[in-house]
Amino acid sequence: MTDFGADVAFGKVPQKLKEHYGIEVPISAAQTITKQHATRMKQQAAVLERLPRGGVEQLIGELDGSMLPIVSIGARADKSTPKDGRKRRELSWQEARLSLVRAPEKVKGRYAATMGGPAQAGELFVDSVIRVGGGQGTKLHCVGDGAPWIANQIKQRLGAQADYLIDFYHLSEYLSGAAEVLAGEHKREWLRLQQQRLKGNEVGAVLGELRTYQSLNSPTTSEPDTDPVQACRQYLENRLGYLDYAGALKANLPIGSGEVESGHRSVIQARLKLPGAWWREATAENMLALRTLRANDEWESYWRETRQAAA
């Protein structure tokens, strides 16, 4: 029942059980039991915070965020506020933060996810680093988009043993916007040239073209929201310490965060972003624990421990 509840909307679980096992259960039972086990999975393991001595030589880490639909029930301000909680529902979108850590020679990594803030995401990231063999002697190559919280957490928690690289394809989106303005019908050629320059760490040459155009054609007060050239220039200038693509390519390390972005779709969104689905924040947090536990191949061990505890 929990297996089905981890994959499909609770309303579809009874149909799945009937189809596969000939068992009839109400929707409420499917929902309650799945949520109970999701809560236990969330509470199961303590978060590891201290890197042990030694550790594997190299690990790859990726972090990213995506928005999930969250519902909350507003408090009753006075007697005029409806008693029915359904009439006090407040809908919003909140960020789920996902991380992935793996060894360079491995195809699959370890996921961690939370509805909490950057600090909680950073704690879970370090936990994953430790659980896949990382230690004080491990070098971490981290990739993510330009969200400041990612770089801040990596620097705060891992210091000099970790480097951080801006996702190349995310940066290319800014370059593509500038290409529309700068190169017109030759935008593809211009974009490829700038990408080649960035892969060779020729950031100065890219910025030179952007600055030259602005000095000739754009007012100094132009806003990034309306000027893609200014937006691209500002994005680069604010992240000059995170653009060592040549070093990553030479070491055969990734320059894109496509793995964790794919994880958003397969681990999180495939269940928590179903059409019409809205979640309480605490329930979403527990369901993230359930989904990451399965993605990390710990499903069987959880049920084995559960059976042993019940025996």
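A quick note: this is a predicted structure, and the numbers were derived from the prediction, not measured. The analysis underlying the following values was restricted to heavy atoms, covering all of them including side chains, and did not include hydrogens, waters or symmetry mates.
In Glu105, the CD atom is crowded: over 12 heavy atoms of neighbouring residues, nucleotides or ligands sit closer than 6.0 Å. More than 12 heavy atoms of other residues, nucleotides or ligands sit less than 6.0 Å from atom NZ of Lys273. Within a 6.0 Å radius of NZ in Lys42, other residues, nucleotides and ligands contribute more than 12 heavy atoms. The number of heavy-atom neighbours closer than 6.0 Å to CD of Gln15, taken from other residues, nucleotides and ligands shown, is 12 or below. Residue Glu24 places its CD atom among 12 or fewer non-hydrogen atoms of other residues, nucleotides or ligands, all under 6.0 Å distant.
The hydrophobic clustering, which links ILVMFWY residues whose side-chain heavy atoms are closer than 4.5 Å, places Ile150 and Val267 apart. Criterion: ILVMFWY side-chain heavy atoms under 4.5 Å apart, direct or through other members. Under it, Leu191 and Leu182 are part of a common hydrophobic cluster. Under the 4.5 Å side-chain heavy-atom criterion for Ile, Leu, Val, Met, Phe, Trp and Tyr, Leu100 and Val129 are members of distinct hydrophobic clusters. Under a hydrophobic clustering in which Ile, Leu, Val, Met, Phe, Trp and Tyr are joined whenever their side-chain heavy atoms come within less than 4.5 Å, directly or via other members, Leu175 and Leu193 fall into different clusters. With hydrophobic clusters built from ILVMFWY side chains whose heavy atoms lie under 4.5 angstrom apart, Val101 shares a cluster with Ile154.
Looking at every heavy atom in both residues, Val143 comes nearest to Gly256 through CG1-C, 3.6 Å. Contact between Gly247 and Asn201 at its shortest, heavy atoms only, is N-ND2, 4.4 Å. Ile70 and Ala284 get closest at one heavy-atom pair: CD1-CB, 4.1 Å. Pairing each heavy atom of Ala6 with each of Thr34, the nearest pair is N-CG2, 4.3 Å. A pairwise comparison of heavy atoms in Leu288 and Ala96 identifies CD1-CB, 4.4 Å as the closest pair. The two residues Ala295 and Tyr111 come nearest to each other via the heavy atoms CB-CD1, 3.8 Å.
With sequence neighbours excluded, the residues that form a ring pair (Phe, Tyr, Trp, His ring centres under 6.0 Å) with Trp303 are His37, Trp299. Taking Lys16 as the reference, nothing meets the side chain to side chain donor-acceptor pair (under 3.5 Å) condition, with sequence neighbours excluded. The side chain to side chain donor-acceptor pair (under 3.5 Å) check on Thr114 picks up Gln120, Glu285, with sequence neighbours excluded. With sequence neighbours left out, Lys108 forms a side chain to side chain donor-acceptor pair (under 3.5 Å) with Asp297. Applying the side-chain contact (heavy atoms from CB on, under 4.5 Å) test to Ala270 and every residue at least two apart in sequence or in another chain returns Arg291. Contacts of Ser266 classified as side chain to side chain donor-acceptor pair (under 3.5 Å), with partners at least two apart in sequence or in another chain: none.
A side-chain donor-acceptor contact under 3.5 Å links Thr292 to the backbone of Ala289. The main-chain N or O of Ser28 is found under 3.5 Å from a side-chain atom of Thr32 such that the two form a donor-acceptor pair. For Asp167 (side chain) and Gly144 (main-chain N/O), no donor-acceptor pair under 3.5 Å exists by modelled atom type. Put simply, the side chain of Thr283 never gets that close to the backbone of Trp279: no donor and acceptor are under 3.5 Å apart. Remark: the backbone N or O of Ser99 is not paired with any side-chain donor or acceptor of Arg97 at under 3.5 angstrom. Here the side chain of Gln161 pairs a donor or acceptor atom with the backbone of Gly135 at under 3.5 angstrom. Side-chain atoms of Asp64 never come within 3.5 Å of backbone atoms of Glu261 as a donor-acceptor pair (strictly under, hydrogens ignored).
The pair Glu237-Arg211 counts as a salt bridge, with a side-chain nitrogen and a carboxylate oxygen less than 4.0 angstrom apart.
Here the CZ atom belonging to Arg265 is positioned 7.5 Å from the CD atom belonging to Gln269, to the nearest 0.5 angstrom. Rounded to the nearest 0.5 angstrom, Leu272 CG and Ser66 OG are separated by 9.5 Å. In this structure, CG in Asp145 is found 9.5 Å from CD in Glu173, a value given to the nearest 0.5 Å. Rounding to the nearest 0.5 angstrom, the gap separating the CG atom in Leu98 from the OG atom in Ser257 is 10.5 Å. Rounding to the nearest 0.5 Å places CE of Met115 at 9.0 Å from CD1 of Ile268. Here the SG atom belonging to Cys142 is positioned 14.0 Å from the NZ atom belonging to Lys155, to the nearest 0.5 angstrom.
Other residues sharing the hydrophobic cluster of Met67, ordered by chain and number and joined by side-chain separations under 4.5 Å: Val71, Leu91, Trp93, Trp278. Within the hydrophobic cluster formed by Ile, Leu, Val, Met, Phe, Trp and Tyr side chains joined at under 4.5 Å, directly or through other members, Ile23 is accompanied by Met1, Phe4, Val8, Val13, Leu17, Tyr21, Val25, Ile33. Other members of the cluster containing Leu124 are Val47, with ILVMFWY side chains joined at under 4.5 Å, either directly or via other members.
In the model, Glu202 has no side-chain atom that pairs as donor or acceptor with a side-chain atom of Gln196 under 3.5 Å.
Judged by the 6.0 Å and 45° rule, Arg239 forms no cation-pi pair with Tyr174.
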Report, one line per pair, each donor and acceptor closer than 3.5 Å where one atom sits in a side chain of residues 48-62; sequence neighbours left out.
| unit_1 | atom_1 | unit_2 | atom_2 | d |
| --- | --- | --- | --- | --- |
| Gln58 | NE2 | Lys139 | O | 3.0 |
| Glu62 | OE1 | Glu259 | N | 3.3 |
| Glu62 | OE1 | Val260 | N | 3.0 |

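Proximity of Phe125 to Arg157: side-chain heavy atoms (C-beta onward) are nowhere separated by under 4.5 Å. You'll find the side chain of Tyr302 stays beyond 4.5 Å of the side chain of Arg294, heavy atoms only. Contact of the Leu165 side chain with the Leu253 side chain is not registered, since no non-hydrogen atoms from C-beta on lie closer than 4.5 Å. Counting heavy atoms from C-beta on, the side chains of Ile73 and Glu90 never come closer than 4.5 Å.
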Walk me through it: do Gln194 and Arg197 pass the test side chain to side chain donor-acceptor pair (under 3.5 Å)?
CA-CA 5 Å; Gln194 308 318 314; Arg197 285 172 168 173; 3.1 Å; yes

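Among pairs with a residue in residues 110-137, those fulfilling salt bridge (Lys or Arg N to Asp or Glu O under 4.0 Å) read Arg110-Glu298, Asp127-Arg131, at least two apart in sequence or across chains. Sorted by first and then second residue, the ring pair (Phe, Tyr, Trp, His ring centres under 6.0 Å) pairs with a member in residues 140-168 read Tyr164-Tyr242, Phe168-Tyr245; sequence neighbours excluded.
Residues Tyr235 and His170 bring their aromatic ring centres within 6.0 Å.
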